[in-house]
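So the structure is just underneath, and the comments pick up after that.
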There are 2 protein chains.
Amino acid sequence: MIGNKEDARPLMTATRQFPWDHPRFKSWIAVGRACQVMNQVLAREIATLDIKPPHLDILVNLYRFEGLTQQDLARKLLVGRSNMSMLLPQMEKRGLITRRGDDNDRRVLRLYLTEDGRALAEKAMEIQTKVIDRMMETSTLEECMSVANVMERLTAALLLRDGR
Amino acid sequence: MIGNKEDARPLMTATRQFPWDHPRFKSWIAVGRACQVMNQVLAREIATLDIKPPHLDILVNLYRFEGLTQQDLARKLLVGRSNMSMLLPQMEKRGLITRRGDDNDRRVLRLYLTEDGRALAEKAMEIQTKVIDRMMETSTLEECMSVANVMERLTAALLLRDGR
DNA sequence: TCAATAATGTACAAGGTTGAACAAATTGAC
DNA sequence: GTCAATTTGTTCAACCTTGTACATTATTGA
């Protein structure tokens with residue numbers, strides 16, 4: 001025989017293992033892409049309200065948790081304090097939120113939605129819900145819950161391991 | 001009877017349905033958070049190579065698909081052309097890539113990794129793979145593949161529906 | 001009580017991302 | 001062949017995000 005099995009095998013198994021061939025790698029890349037597309041679509045949709053994703057996140061969180069401090073909010077959104085210091089004054093000037101000092105701790109500013117802010121938040125959440133529904137309707141509820149499960153485990157693991 | 005069944009029911013069903021109570025909404029929020037944490041951890045890890053996530057994406061894609069044009073690359077990464085026009089000259093100055101004009105179409109610039117770029121890409125991909133593995137090891141391979149499946153369907157649906 | 005330490009919010013510089021306007025090159029229709 | 005429409009890459013201004021340094025206020029411990 002000119003080419004026996006021992007000759008051929010190494011050529012196959014020696015082929016470099018590229019990251020993009022790993023199932024976990026591929027899986028995560030898909031997640032990243034989905035997120036990116038999602039954010040772009042969401043950004044386009046809420047542009048009709050003249051806000052962007054970061055403002056949406058702020059509105060939703062203040063709608064849900066009134067009286068948060070800037071630090072609390074930054075932690076919830078996983079961004080830096082300085083980020084809040086840039087965005088919140090804008091939104092205050094625009095009449096969407098108010099910042100009131102706390103009497104017990106004069107370092108902190110507590111955040112509240114104004115009437116306009118609350119109304120805008122509701123409109124924005126309606127849009128957001130519609131986009132998410134449109135997106136996730138390609139999956140069963142069972143799949144959605146499985147995805148949520150995986151993501152929560154994974155986030156917890158990473159946060160525990162690598163601090164914030 | 002003072003309170004019959006018809007009285008009680010409305011009080012239950014009339015409670016406002018908040019977006020964050022919808023399984024699909026919650027699921028998606030979990031995905032977004034996971035992505036955010038992941039990118040932050042990845043950014044910290046590859047900072048040792050003095051690059052940031054966007055540079056990593058570029059390196060990996062050029063490693064895999066040599067001779068892409070700037071437009072091709074931008075489309076793959078789902079970013080604007082102008083973004084590439086800002087980042088690529090930096091990377092060229094740094095000696096990681098070369099940009100050569102195409103003789104058949106003198107508008108386009110084709111992109112190639114240099115030796116340094118290729119070496120850096122390999123180091124970066126190693127780090128990226130390690131981070132992803134660490135993150136996804138909280139899930140079974142089966143779950144990973146299910147997640148990938150959901151994400152791909154969802155991305156396709158959104159891209160088809162809302163253009164790029 | 002008083003000093004060291006920590007927490008909160010701000011200011012600023014640096015850098016990534018975008019969209020619009022632009023020049024150069026290609027394509028297609030007539 | 002010629003002119004309009006399209007494609008590619010660049011420039012620019014605007015905005016978001018980050019990290020660092022800073023001032024102010026709380027908390028802790030001698």
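Hydrogens, waters and symmetry mates play no part in the numbers below; they use all other heavy atoms, side chains included. Lettering of chains follows the sequences in order, A, B, ..., and the numbering in each one begins at 1.
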Side-chain (A/S27) to main-chain (B/M145) donor-acceptor, under 3.5 angstrom: no
Can a donor-acceptor pair be found, under 3.5 Å and without considering hydrogens, that links the side chain of B/H22 to the backbone of B/P19? no
Specify the separation, in whole Å, of atom [atom1] of [X] and atom [atom2] of [N].
X     : N      : atom1 : atom2 : value
A/M86 : C/dA14 : CE    : C1'   : 11 Å
A/R94 : D/dC15 : CZ    : P     : 12 Å
B/L73 : D/dT10 : CG    : P     : 12 Å
B/M91 : C/dG16 : CE    : P     : 11 Å
B/L88 : D/dT10 : CG    : P     : 8 Å
B/Q36 : D/dT17 : CD    : P     : 9 Å
B/R81 : D/dC12 : CZ    : P     : 17 Å
B/N39 : D/dT18 : CG    : P     : 11 Å

Are any of A/Q71's side-chain N or O atoms less than 4.0 Å away from OP1 or OP2 of C/dT8? yes
With respect to the phosphate group of C/dT17, does any side-chain polar atom (N or O) of A/Q40 fall under 4.0 Å of OP1 or OP2? no
Looking at A/E126, I want to see if its CD is surrounded by more than 12 non-hydrogen atoms of other residues, nucleotides or ligands under 6.0 Å. no
Residues two or more places apart in sequence or in another chain: which of them pass side-chain contact (heavy atoms from CB on, under 4.5 Å) with A/N149? A/R153
Nearest heavy-atom pair of B/L120 and B/L59: which atoms, and what distance? CD2-CD1, 4.0 Å
At a heavy-atom distance below 4.0 Å, what parts of residues 98-110 of chain A sit against DNA chain D? A/D105, A/R106, A/R107
Any luck finding a side-chain donor-acceptor pair between B/R110 and B/Q70 under 3.5 Å? no
Among the nucleotides C/dG16, C/dT18, C/dG9, whichever has the atom closest to the side chain of B/Q90 is C/dG16
Could you give me the CA-CA distance, side-chain angles and deciding distance for B/F18 and B/F25, then say whether side chain to side chain contact (heavy atoms under 4.5 Å, CB included) is met? CA-CA 10 Å; B/F18 292 110; B/F25 194 93; over 6 Å; no
Would you kindly check if the NZ (Lys) or CZ (Arg) of A/R99 is within the cone defined by 45 degrees around the ring axis of A/Y112 and under 6.0 Å from the six-membered ring centre? no
Lys/Arg N to Asp/Glu carboxylate O, B/K26 vs A/E152, below 4.0 Å: no
So which of residues 48-61 of chain B are in contact with DNA chain C, with a heavy-atom cut-off of under 4.0 Å? B/P54, B/H55
Do A/S85 and C/dG9 share a donor-acceptor pair, side chain to base, under 3.5 Å? no
